[in-house]
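Lettering follows sequence order; numbering is per chain, from 1.
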Number of protein chains: 2
Amino acid sequence: MGTHFKGTQDQMIALDTYIKLTRASDSIQARLSNAASMQSLTISQFGVLEALMHLGPLSQNELGTKILKSNSNMTTVIDNLEKRNLVKRQRSIVDRRMIEVFLTPTGKDLIEGLFPHHVLAIQEQFSVLTTEEQIALGDLLRKLGRGENEQHKE
Amino acid sequence: MGTHFKGTQDQMIALDTYIKLTRASDSIQARLSNAASMQSLTISQFGVLEALMHLGPLSQNELGTKILKSNSNMTTVIDNLEKRNLVKRQRSIVDRRMIEVFLTPTGKDLIEGLFPHHVLAIQEQFSVLTTEEQIALGDLLRKLGRGENEQHKE
DNA sequence: ATCGAACTTTTTGATATCGAAATAATAACA
DNA sequence: TGTTATTATTTCGATATCAAAAAGTTCGAT
């Protein structure tokens, strides 16, 4: 147990697992960020391009929901993608509050070229685990991500 | 499988597990950031104060290693903690390249007051998993965080 | 038809985060 | 003893990230 904390057994295990979760996620993220498959895209930029590739044009709000980022952050990320001519904005005709974000041909080519390499990089990162371990891990993470125990409305 | 990607079975599982890892980590982080136990501290600020509380004075470089952040980032984080009088810098006498970072009395009181609540918040987040599940999860995450398969020097 | 609630995006101001280059100090070694 | 390599921190410029407030749009309910 890598901690200097003295509490109940239950607390120590939770704290230890939390530290491992953070470290594993940060480490994987850092390794993937440096991978050639990311070119000069950030994780969020990559996530936006990937969502547009798989799902077609989306509003900024929808994109934010997909990649778990705030709306104000989406404005910034889309700004930077637009500067590089990878996406285009277009006010929605049906609901003028929304802005539809599209891949440009350049953006489409880029993400379609990078994505397969990205998958290979991920596959390699996870190759330290067997298929069964990955599935078991995914199950535990899913429970954690959903976080069902919500009886704490302070 | 929540993905729109067609690849080998192995790739799809790795990609799916990767997405779950990212989402679980982001979700937990976001919930803890909003918890009362964080007061107005960021995750990194909290991590620095916690390390200093448990380990005593450390150099910025050591702190960066502990919380997995770059040296230049540590300069910024320590700057902001210093502004709020929670830590103090002092050039090391033995090696004048280093800066020792200390908790001020205010900083010490703050982190000692917050830490137990932080542990409770983490314990609650992880209570969706049994003790055995948390231990199993920790084992898988440890392997992943270490990332042994390093035969990819391009 | 209008008023107010709800929704989408932007702006603003603060902090985080990195890599690269600059600066300063120590260590290695010839 | 110099000279070079290494190490620790800072600065700079770019991007990310959030919450809160502002601005514009739509919707609901009268």
Is it the case that one hydrophobic cluster holds both A:Met98 and A:Val101, taking links as side-chain heavy atoms less than 4.5 Å apart, direct or via other members?
no
Should B:Lys108 and B:Glu112 count as an ion pair when the cut-off is N to O under 4.0 Å?
yes
Tell me the interatomic distance from B:Asp79, atom CG, to C:dA14, atom P, rounded to whole angstroms.
15 Å
Distance check needed: D:dT7 P versus B:Gln60 CD, whole Å only.
18 Å
Is B:Asp139 salt-bridged to B:Lys143, cutoff N-O under 4.0 Å?
no
NZ of B:Lys69 versus P of D:dT17: gap in Å, rounded?
12 Å
Residue pair A:Asn34/A:Arg91 against DNA chain C: nearer the 5' end by closest nucleotide is A:Arg91
Taking CG from B:Asn61 and C1' from D:dT6, how many angstroms apart are they, rounded to a whole number?
12 Å
Do the side-chain N or O atoms of B:Ser44 get closer than 4.0 angstrom to the phosphate oxygens (OP1, OP2) of C:dT15?
no
Length of the line joining A:Asn71:CG and D:dA20:P, which is rounded to integer Å
14 Å
Send over the distance from A:Leu63 CG to D:dT17 C1', rounded to a whole Å.
16 Å
Which label fits A:His118 and A:Phe46: parallel for a plane angle under 30°, tilted from 30 to 60°, or perpendicular past 60°?
tilted
Kindly point out which of C:dT9, D:dT17, D:dT10 is positioned nearest to the side chain of A:Val77?
D:dT17
With the side chain defined as heavy atoms from C-beta on, A:Ile99 is closest, among C:dA25, C:dT10, D:dT10, to C:dT10
5' priority, DNA chain D, between A:Ile67 and B:Thr76 [closest heavy atom]
B:Thr76
Side chain of A:Asn80 only, heavy atoms from C-beta on: which candidate in C:dT9, D:dA16, C:dA25 is closest?
D:dA16
Rounded off to whole Å, could you give me the CD-to-P distance for the B:Glu62 and D:dT7 pair?
14 Å
Hey, is the side chain of B:Ser72 poking within less than 4.0 Å of OP1 or OP2 on D:dT10, counting only N and O atoms?
no
C:dA16 phosphate, OP1 or OP2: any side-chain N/O from B:Thr42 under 4.0 angstrom?
yes
For A:Arg23, is there an ion pair with A:Asp26 - N to carboxylate O distance below 4.0 angstrom?
no
Between A:Arg89 and A:Asp79, does any side-chain N to carboxylate O distance fall below 4.0 Å?
yes
Please determine whether a side-chain nitrogen or oxygen atom of B:Asn73 lies at a distance below 4.0 Å from atom OP1 or OP2 of C:dC18.
yes
Does a side-chain N or O from B:Lys83 land closer than 4.0 Å to OP1 or OP2 of C:dT15, or not?
yes
Between B:Arg89 and A:Arg84, which residue's closest nucleotide on DNA chain D lies nearer the 5′ terminus?
B:Arg89
Tell me what B:Ser33 touches on the nucleic acid: a base, only sugar-phosphate, or nothing, going by heavy atoms under 4.0 Å.
nothing
Value in whole Å for how far the C1' atom of C:dA16 lies from CD1 of B:Ile43:
12 Å
It should be established whether A:Arg97 places a side-chain nitrogen or oxygen under 4.0 Å from OP1 or OP2 of nucleotide C:dT8.
no
